[in-house]
Amino acid sequence: MTFAAVFGPDALIVLLILVSIAVPLWAVVDAARRPAAAFFGAGSNKTVWIVVIAVAWFFGLGFFLAGYYLLFTRPKVQRHMEGLR
């Protein structure tokens, strides 16, 4: 049985909408909680990431940019934060 067969096709749409909201929200909250110095050390900018993800979400691209942030930029920032300790 597939997800749609068990819960109906509407549940799949709701799940996709929730994911498209949750991933950008997670990325923005994660970026906001990290120090700006860690972003600078990683060659990035905290404010730019927060604004770009929020604006991209408004245009329907937030999921993709948030995914890029979480997969590529966040690990660099984490490594720099560990070096600061």
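It should be emphasised that the depicted structure is a prediction, and the values quoted were computed from it without experimental measurement.
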Review point. Is there a path of hydrophobic side-chain contacts, each under 4.5 Å between heavy atoms of I, L, V, M, F, W or Y residues, that connects Trp26 with Phe63?
Key: yes

Revision key, fill the gap. To the nearest 0.5 Å, atom CE of Met81 lies from atom CD of Gln78 at 7.5 Å

Check your understanding: Quick one: OH on Tyr68 to CZ on Arg74, what's the gap to the nearest 0.5 Å?
Key -> 15.5 Å

Check your understanding: For the side chain of Lys46 and the backbone of Arg34, is there at least one donor-acceptor N/O pair under 3.5 Å apart?
Key -> yes

Exercise for review: Start with the C-alpha gap between Tyr69 and Asp30, add the side-chain angles, then the distance that decides, and say whether side chain to side chain contact (heavy atoms under 4.5 Å, CB included) holds.
Suggested key: CA-CA 10 Å; Tyr69 165 77; Asp30 182 77; 2.7 Å; yes

Check your understanding: Are Trp49 and Leu61 linked, directly or through other ILVMFWY residues, by side chains that come within less than 4.5 angstrom of each other?
Key -> yes

Exercise for review: Say whether Phe72 and Val23 are linked into one hydrophobic cluster, either directly or through other cluster members, by side-chain heavy-atom distances under 4.5 angstrom.
Suggested key: yes

Practice item. To the nearest 0.5 Å, tell me how far Leu65 CG sits from Leu70 CG. Key: 11.0 Å

Practice item. Report whether Ile53 and Val51 are members of the same hydrophobic cluster (ILVMFWY, side-chain heavy atoms less than 4.5 Å apart, transitive linking). Key: no

Check your understanding: Taking all non-hydrogen atoms of both residues, which atom of Ala66 and which atom of Pro24 are closest, and how far apart?
Key -> CB-CA, 3.6 Å

Review point. If Ile, Leu, Val, Met, Phe, Trp and Tyr residues are connected whenever their side-chain heavy atoms lie under 4.5 Å apart, and connections chain through other members, are Val14 and Ile17 in the same group?
Key: no

